[in-house]
Amino acid sequence: MRFIHTADWHLGRYFHGMHLTEDQADLIEHQLLPLIAEEKAEAVVIAGDIYDRGVPPVEAVELFDEFLARMKERQVKVLFVAGNHDSEGRLDFASRLMQDAGIFARGRLRRPLTPVVLEDEYGPLAFALYPYMDPQTVRAAFPEEAENGLDFETAHEVAIAAGVAALPKGVRSVAVAHAFLAGGLSSESERPLSVGGSSSVSSALFRPFCYTALGHLHNPQRAGADIIRYSGSLMKYSFDEAEQQKGVLSVEIDAAGRAKHTFLPLTPRHDVRRIRGTFAAIRDQREQYPASDDYMEVELLDTGIILDVFNKLKAIYPNLMHICYPELQREGTMRQQQGQQVLKMTEGDLFAQYYEDMTGTAIAPEQRALVTSCLQEIYQEERER
Ligand SMILES: [Mn+2]
């Protein structure tokens, strides 16, 4: 069977004050749909983060609805799971009804972890669908494990083993999951999975499968083995992804269960790009800095103030999103450098830092644990709101 592995669509994404839904619709219509047809793919697997947030904008829901209808028309199966940005409960809506149309959704982790079994020319091929799992969701589905103080690694061990046990014997199988595998390369647009402690899981957990289709990391990459892979996100969702090539994987599973993959690039109508130079150079050197309607971040090398520089640059780059001043930051105070570091800290670390600044003593481990559990609750509420 040949299927398309994709992930992290983040439909309805809001990027520096712009809704990307139209760009996403354009990319799906003019690139992804033709590619699915050319590949003669029998299924499309989306490994989580369908939407950018639990309650996505109407346009994003309509776009996904349209995609599903088009797949049904062409008799291409769709299998998708919830990512950490999706609302698990909402993604399950109508999932029992959609199965008959060849559309298989897994929002919430539920038992039994019955796989979806599709047929190809060689026989059955089972797909174990794992929605985003944190220790809390796994404890809810496996209350008998509640005593065992699950972390991300052991929670995945429990759930993945249950999915493996539910596979029909001797049948080729594919896992679909949304997780952070140890050693993975991350980008700025991924929301960290854990407030405190490690959220990574070992790729060895997926060894029983012929292929593992992963979501979460936005940079396409392998994860511990050639047959355990991240397809990467549909589009670039932060400027630190400017150099990444986005696309989907076309995966072929043969009679013996061997998986072969090909990366197929996607090119959106607006690229996400970073340029650097002085204002005068950018204004005057059109060969070096051609005008463009790409989504731009400009690193201005000037050290003086330029009045109304944003609007002046917008005349060349109508979709200018952001300006930064690396030269000013380098010469700036400690506070500015700290500012850069603060952006990379988790809320848990920020609170610990604040506590120390205010009281003069480091936060105690039990206090830290309390903050962590409060933050987890808030995140859980946000996903479900
Ligand atoms: Mn994502």
Side-chain angles (χ1 to χ4, degrees), residues 4-16 18-21 23-24 27-28 32 44-57 60-61 63-64 67 78-88 90-91 105-109 129-134 137 152 156 175-195 199-201 203 212-223 228-249 263 266 268 272 295 344 346-347 379-380 382-384:
I4 299 295
H5 164 198
T6 172
D8 296 274
W9 283 18
H10 290 265
L11 300 180
R13 172 86 178 174
Y14 197 62
F15 182 61
H16 290 272
M18 281 259 323
H19 276 289
L20 293 181
T21 320
D23 291 69
Q24 293 169 323
L27 188 73
I28 290 171
L32 186 59
V44 175
V45 170
I46 315 173
D49 285 354
I50 310 297
Y51 298 114
D52 193 50
R53 49 198 146 107
V55 184
V61 179
L63 174 56
F64 195 52
F67 172 77
V78 183
L79 304 95
F80 62 95
V81 299
N84 58 311
H85 283 252
D86 297 306
S87 158
E88 40 183 28
R90 289 186 180 89
L91 224 63
R106 291 282 188 282
R108 199 181 292 278
L109 182 69
L129 304 181
Y130 299 103
Y132 168 63
M133 303 183 283
D134 55 22
T137 30
F152 271 81
H156 277 75
V176 182
H178 193 89
F180 178 37
L181 265 65
L185 240 119
S186 39
S187 317
E188 278 169 10
S189 59
E190 298 139 13
R191 186 191 299 157
L193 298 182
S194 161
V195 185
S199 61
S200 73
V201 303
S203 67
T212 299
L214 293 167
H216 182 58
L217 296 182
H218 288 185
N219 197 3
Q221 59 196 287
R222 72 200 281 277
I228 304 175
R229 304 197 78 89
Y230 288 96
S231 63
S233 55
L234 189 66
M235 291 172 52
K236 299 174 185 177
Y237 293 128
S238 60
F239 282 107
D240 82 324
E241 292 166 69
E243 300 304 319
Q244 297 176 11
Q245 175 64 61
K246 300 298 185 179
V248 299
L249 290 159
F263 183 78
L266 295 172
V272 169
Y295 297 133
K344 293 186 180 135
T346 66
E347 278 93 341
Y379 290 156
Q380 187 66 25
E382 271 179 5
R383 289 180 69 207
E384 291 308 318

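Remember, it's 1-based here, ligands and their atoms both numbered in the order they're listed.
Looking at Asp8, its N, O or S atom nearest to the Mn ion (ligand 1) turns out to be OD1. Looking only at its N/O/S atoms, Asp49 has OD2 as the one nearest to the Mn ion (ligand 1).
Metal site remark for the Mn ion (ligand 1): His10 contributes an N, O or S atom at a distance under 2.8 Å. Note on His218: counted as a metal contact of the Mn ion (ligand 1), an N/O/S atom lying under 2.8 Å.
Using a 4.5 Å heavy-atom threshold, the side chains of Asp134 and Phe152 count as touching.
Counted within 6.0 Å of CD on Gln245, heavy atoms from surrounding residues, nucleotides or ligands total more than 12; the atom is thus considered enclosed.
Judged by distance alone, with hydrogens and angles left aside, the side-chain atoms of Lys246 form no donor-acceptor pair with the main-chain N or O of Lys236 at under 3.5 Å.
Here the two rings, on Tyr237 and Tyr295, have centers that are 6.0 Å apart or farther.
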